[in-house]
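Take a look at the structure below.
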Amino acid sequence: MNTVKAHCQTPVSRDNLYKLRLSRSETEGLSLRDIRCPYCGFLVERVFSDVTGHKMVHCRKCKEEYPVNLGYFRRANRQRKHDGFHCHRQKG
C-alpha cells in the first residue's frame with residue numbers, strides 16, 4: 001500500500017538524439033528570457049531570444065491560464081533620445 005512506483009524511462013531513439021543535439025547546437029548563441037505571470041509575478045517559462053508568436057501558459061502559483069504574445073515580453077534596448085525636455089549632455 002505504501003510502495004513507491006518506479007519511474008520507467010523509455011530509451012531514446014538515435015533519430016531523436018540527433019534532433020536533440022542539433023537543437024542544442026542551434027541555441028548556443030541565443031540568450032534566455034523569463035516570462036513571468038502578469039498576475040502574481042511567478043516565473044512561468046523561460047524562452048530563447050528568437051521565439052515569436054503566441055503561447056498558452058499556465059501559472060502553477062495562482063492557477064491562471066492565459067495567452068501570451070511573446071513579442072510583448074521582450075526586453076528592449078533602451079536608446080536615449082533627445083525629446084526637447086531632457087538633455088543628456090554632460091555640462092563641463
Side-chain angles (χ1 to χ4, degrees):
M1 197 162 177
N2 290 333
T3 59
V4 178
K5 293 183 180 179
H7 180 69
C8 296
Q9 189 173 18
T10 59
V12 181
S13 68
R14 287 184 184 217
D15 187 40
N16 284 341
L17 281 175
Y18 172 74
K19 291 176 185 176
L20 287 171
R21 289 184 185 127
L22 185 62
S23 297
R24 183 178 294 264
S25 67
E26 290 171 350
T27 59
E28 284 180 0
L30 301 176
S31 61
L32 285 171
R33 65 177 194 251
D34 296 340
I35 304 295
R36 298 196 172 270
C37 178
Y39 299 106
C40 67
F42 186 74
L43 178 64
V44 177
E45 188 142 355
R46 298 186 79 199
V47 295
F48 285 99
S49 58
D50 66 340
V51 175
T52 58
H54 295 82
K55 182 170 181 141
M56 198 67 167
V57 294
H58 174 77
C59 180
R60 293 180 293 159
K61 186 175 180 183
C62 67
K63 308 299 186 226
E64 289 290 330
E65 187 174 15
Y66 44 86
V68 171
N69 183 344
L70 296 171
Y72 296 155
F73 290 89
R74 287 200 180 122
R75 287 187 214 142
N77 292 333
R78 294 185 183 185
Q79 297 177 353
R80 294 185 180 190
K81 295 180 181 178
H82 180 69
D83 59 356
F85 296 104
H86 300 93
C87 185
H88 299 289
R89 293 184 228 156
Q90 290 183 348
K91 297 179 182 178

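One-based numbering along the sequence shown. All heavy atoms count here, side chains included; hydrogens, waters and symmetry mates do not.
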ILVMFWY clustering at 4.5 Å (side-chain atoms), partners of Val12: Leu17
To the nearest 0.5 Å, how far apart are CZ in Arg36 and CZ in Arg46? 9.5 Å
Spatial distance of atom CZ (Arg60) from atom SG (Cys37) [nearest 0.5 Å]: 11.5 Å
Linking I/L/V/M/F/W/Y whenever their side-chain heavy atoms sit closer than 4.5 Å, directly or via other members, would Ile35 and Met56 fall into one cluster? no
For Phe48 and Arg33, work out which heavy atoms get closest and say how close. O-NH1, 3.7 Å
Taking atom CG of Leu20 and atom OG of Ser13, what is their separation to the nearest 0.5 Å? 9.0 Å
Can you tell me if Thr27 uses its side chain to pair, donor with acceptor, with the backbone of Leu30 under 3.5 Å? no
Connected via hydrophobic side-chain network under 4.5 Å: Val57 and Leu43: no
Answer yes if Leu32 and Phe42 sit in the same cluster of Ile, Leu, Val, Met, Phe, Trp and Tyr residues linked by side chain heavy atoms under 4.5 Å apart, and no otherwise. no
When you measure from the side chain of Asn69 to the backbone N and O of Gly71, does any donor-acceptor pair fall under 3.5 Å? yes
